[in-house]
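Here's the structure we're looking at; comments come further down.
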Amino acid sequence: MSETPEPSRYEPAEAEPRVFERWDAAGVLTTAAADPDQPDAETFSIAIPPPNVTGALHMGHALNGSIQDALIRLNRMRGKRVRWTIGTDHAGIATQTKVEQALVEEGTSREQVGREAFLERTQSWRQQYGGTIIGQFRRLGCSGDYAHERFTMDEGYVQAVLKTFVALYEQGLIYRDTYLVNWDPGSQSAISDLEVEDREETDTLFEIAYPLKDPVEGLTEVVVATVRPETMLGDVAVAVNPQDERFAKLIGSTVVLPFVGRELPIIGDDYVKTDFGTGCLKITPAHDPNDFEIGNRHDFEPINVIGEDGRITGGFAPQFEGLSTAEARTAIVEALRANGALRGEEPYVHTVPFSQRSGERIEPLISLQWFMKMDQLAQPAIDVVRDGRVRIHPASQQKRYLDWLGEIRPWVLSRQLWWGHQIPVWYRNDEVYCGTEAPEGEGWERDPDVLDTWFSSALWPFATLGWPEQTQDLQDFYPTAVLSTARDILFLWVARMVMMGLRFADDVPFKDVYCHSVIQAPDGRRMSKSLGTGIDPLALIDGGPRPEVFAKKNKNGKLQDPGEFPAYGADAVRFGLLAMSSTQDVRFSEEKIAQGKQLVTKLSNAVRFAAGRLEGLGLEQTVAGVTAETLPTRLEDRWIVSRTEQIARETAARIDEFDFAKAALGLYDFVYGELCDWYLELVKGRDAQTDPDLGRVLAWALRRTLQIAHPVIPFVTEDAWARIPGTDGLLATSRLPEPDDRLIDPAAETGLARVIDLITAVRSWRSGANVPPGPILPSRLVADGYDDEARALATPLARITLTDDAGDAVTVPVPGGQIEILAGEHVDPEAERARREKRRGEIEQQIAGTEKRLANEKFVSRAPADVIAAERAKVEALREELAAL
RNA sequence: GGGCGCGUAGCUCAGUUGGUUAGAGCAUCCGGUUUACACCCGGAAGGUCGUCCGUUCGAGUCGGACCGCGCCCACCA
């Protein structure tokens, strides 16, 4: 019998999944088919930075998802065909490490299960986490194209990788070479420069004597300084600076390497600092990047003494053979000490390379690897940014990009891993074959290594659209519009996409790169699981434990028990993340999320209010809307039309310019500060049943507001959209009207601003004079610029009634004059004397200050005329107010 | 060592091309309301804009130095 009552409060936990279902059922989450009638319709596409399939999403993904979805939704409502490619990255080392850990916990290992079984295991891991990640994007409300989900190792993608590798090989840009690489003993693989991070370490700087073969001018030895004595077995020379008076004379002489007996020439090289260490540098090309360079300059063959297992090798000193580098260091130092060759040791703080992946100390060593030559690829990537075909925001990141590309070095492509794209090269004795398929014939063996993950990521914008096939998708959606990303992968990923896009897809991969904030924990540290500073976005959306660093403070500034996050809902989380974002790093602020929740509730309530007013009205009222031809006549109606039109433009422009914080906060200000606090309050006295404009203006203003808020808070707006009587269809696919200048009404804006000022002045006076807000006070309005309509609008909210009655009164200044509130039960002019005197003092001070400025000849002669005029007008106004007091 | 950025109310942040009374949200304080909303409404208080020097009629805004903090890049053993 009874209808289900509308829930008294909007509940995101209930509404959001329901709304998402509607989008899904209506096909919003799949790229719309091309309209045959509009074959040239504009398109707008984004390729999501594919998250690693190593775990769940974090705050950065949630922020980036909110950003991209805002852009996608805005452009969808503009009538463009949008494509937001969703997908995940296989993330070579990262994923392999996780799976290996899991195997170890099960008491087995990668080696024990073998390559094939390991890959199967990793595939199922990927299925599981990939699914989780996609589910999280859906929960956040991301309107991506889930039907075309991609993975960097799916079938089509493999073809793209093979094709690009083979092409680059044939063009001579990919080559195999023996070179010094960053060896990560943890993952047992070479890694690129970008995967290395420097950490400060305290080591010991040892000084070691190398005897001269033949004494020179009484010298019998040189003393070298090193923090890595274990590498000395691979020394090929000792270098001194040719300008160094102490040692220049030794250049050309020979020293004998302890333990090994190798004769090492003393060479001169400018690289050696005369004021550091001992001034003598041992040269170990196989295990130090500097020494490698110096060795090359002087034509020395590197001598490998540390193997890929991190143990001493080479057989130069049997007593150390097979020791780990750490053991070897101890043993060598002890042996040197014993035979008196250790001349000094002191603590030494310096930066040391570590693997970002395994956390182990990098072992530089000579290794046979695949490399990619970068300079030819880099130049076009530099050019397109220089000439603006790719715009990087903010501009400071553009400088980083250009600087890095300007000094680019070869890229180590091969990884000694199993999880990834296996290198498409086969060997048979001295023969090498590179191709997309195995060569004909017997005896070929495929290179066991895989490619750096970022090689496949670099193809993402076009490989996800079907390349190397010339698909319709590729034609329609490449280049993509925007790449939104954290700036820490600007080199690792962004620059490489530009290079590969230009090389293989004949165009830039995206027109704009937006580098968003990194969200830090409230204490300024990185958000990270291991530090306990991370938050699962779902814990904010659906409620969950609040980590300790996010505990709120009580009045005394002490931390409270962290407790749980309330279920803020996806809209609130999106709003909050966008509101706190900027072009630089920001601290996470739960208050901003809470602010989003308030906006969501407020909007929902406003729509309930409007729906109540619109109940029972015909379509000519509820859907007629407002156009330039049908502008309403009343002041507050013209005002809200003008303001709504304005905020709609501003918000869209801010999203277009990637100023998401201003877009979000601007919406909040509008909804609270204009729509609800003023417009809805101003129209409460009107009856939509008899008032010809109210219904259509109210419905129009709310629909426009919901539309423009939709990119930021899609769920509540979609839900509310359906609750406005007369609504048809989904908000998500509704069409944004073109901006129309004729809806902007400056006269209405200033006229209503006066009304607001008047009401605010009276309220403020009341509060200060301890007059209760309720009673209606008879008052005289002695001011210019208030017509009958303005007066009628102001009086109910100011809770005054206008009269011409004479009598004692309290004077309150308002724009254009004053309002005189008659003495009465609540109003005692005598009690106002002190307030009046205080105000008089303030005004006099201001007049004095301004007049002093105007008396300053330099000011009057040099300041622009309008500034001076404004000053004069100010004095005038202040004098008027003073006279009225 | 080089580069970039930050320091504004108790907290998190806005502050256009310099224009004279520096804003918002949250928190605080005061006062209300129960047919849109207590996840509410109205009002108030709160800042020597990190420090110093300079440019200017005028500096939160421009320049310099310094202090504090963060990030990125870098091959001093």
Side-chain angles (χ1 to χ4, degrees), chain A residues 8-10 198 205-207 224-228 231 239 271-273 275-284 288-294 348 350-351 353 364 394 396-397 399-400 403-404 407 487-488 490-491 518 520 522 524 552-555 557 566 572 579-580 582-592 594-595 597-613 661-662 665 668-669 672-673 676-677 680-681 684 759-760 763-768 770-774 797 842 846 849-850 853 856-864 866-868 870-871 874:
Chain A
S8 61
R9 188 183 291 168
Y10 175 78
D198 286 333
L205 184 62
F206 298 98
E207 295 183 358
V224 299
T226 180
V227 293
R228 305 202 61 204
T231 65
Y271 172 80
V272 183
K273 301 273 182 293
D275 56 356
F276 186 85
T278 60
C280 299
L281 178 63
K282 68 188 210 54
I283 303 299
T284 321
D288 182 281
N290 298 317
D291 294 6
F292 185 75
E293 295 285 322
I294 298 172
Y348 178 58
H350 64 150
T351 54
S396 58
Q397 296 307 314
K399 179 174 160 42
R400 283 182 66 216
D403 287 351
W404 183 75
E407 291 178 30
R487 62 177 183 284
D488 57 345
L490 191 62
F491 310 148
V518 172
Q520 301 171 332
K552 294 182 178 171
K553 285 180 182 165
N554 65 16
K555 282 181 198 172
M580 68 182 96
S582 86
T583 53
Q584 58 179 55
D585 293 351
V586 290
R587 307 246 170 130
F588 178 79
S589 144
E590 191 176 341
E591 283 72 30
K592 285 281 192 292
Q595 200 181 338
K597 184 70 194 295
Q598 286 184 319
L599 174 63
V600 164
T601 307
K602 189 76 175 174
L603 252 188
S604 180
N605 279 319
V607 168
R608 182 180 318 133
F609 168 84
R613 296 295 170 125
K662 266 203 191 125
L665 295 170
Y668 182 96
D669 288 343
Y672 267 81
C676 293
D677 287 353
L680 297 189
E681 294 302 326
K684 274 186 176 168
I759 296 166
T760 305
R763 282 174 174 170
S764 177
W765 164 77
R766 257 189 219 264
S767 176
N770 284 320
V771 176
L797 293 188
E842 283 170 9
Q846 280 184 37
T850 311
R853 203 169 302 125
N856 183 341
E857 219 173 291
K858 286 180 174 171
F859 174 68
V860 180
S861 59
R862 299 191 195 183
D866 57 323
V867 172
I868 294 167
E871 290 294 296
K874 198 167 94 185

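By convention in this document, chain letters (A, B, ...) are assigned in the order of the sequence lines, proteins followed by strands, and residues within each chain are numbered from 1.
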Using the P atom on both, measure B:C76 against B:G15 and round to a whole Å. 38 Å

Those residues at least two apart in sequence (or on a different chain) that pass side chain to side chain donor-acceptor pair (under 3.5 Å) with A:Glu871 are A:Arg853

How close do A:Lys597 and A:Ala572 get, heavy atom to heavy atom, and via which atoms? N-CB, 3.4 Å

Under 4.0 Å protein heavy-atom contacts per nucleotide of nucleotides 72-77 of chain B, with B for base, S for backbone only and - for none: SS-BBB

Taking only the P atom of each, what is the distance from B:U16 to B:C30 in whole angstrom? 36 Å

Determine the stems involving RNA chain B; a stem requires 3 or more consecutive pairs of the Watson-Crick or G-U wobble kind, each with both distances below 3.5 Å, and the answer is none if no such run exists. B:1-7 with B:67-73, B:10-13 with B:23-26, B:28-32 with B:40-44, B:50-54 with B:62-66

The contact string for nucleotides 21-26 of chain B, one letter per nucleotide 5' to 3', using protein heavy atoms under 4.0 Å with B, S and - for base, sugar-phosphate only and none, comes out as B---SS

Of the listed B:G70, B:C40, B:A36, the closest approach to the A:Phe609 side chain comes from B:A36

Shortest non-hydrogen contact between A:Tyr668 and A:Gln595, atoms and distance: CE1-CG, 3.4 Å

Strictly under 4.0 angstrom, non-hydrogen atoms only: write out the protein contact profile of nucleotides 43-48 of chain B, one letter per nucleotide from the 5' end, B, S or -. SS----

Need one value for A:Pro864: base, sugar-phosphate or nothing, where a base atom within 4.0 Å counts as base even if backbone is also close, heavy atoms only. base

Of all the heavy-atom pairs spanning A:Ile283 and A:Ala239, show the shortest one and how long it is. CD1-CB, 3.8 Å

Touch class at under 4.0 angstrom, heavy-atom based, for A:Tyr672 against every strand present: sugar-phosphate

Just N and O in the side chain of A:Arg9: are any of them under 4.0 Å from OP1 or OP2 of B:C37? no

Could you go over nucleotides 1-10 of chain B and give all protein N or O partners under 3.5 Å, atom names and distances?
from : atom 1 : to       : atom 2 : distance (Å)
B:G5 : O2'    : A:Gln584 : OE1    : 2.7

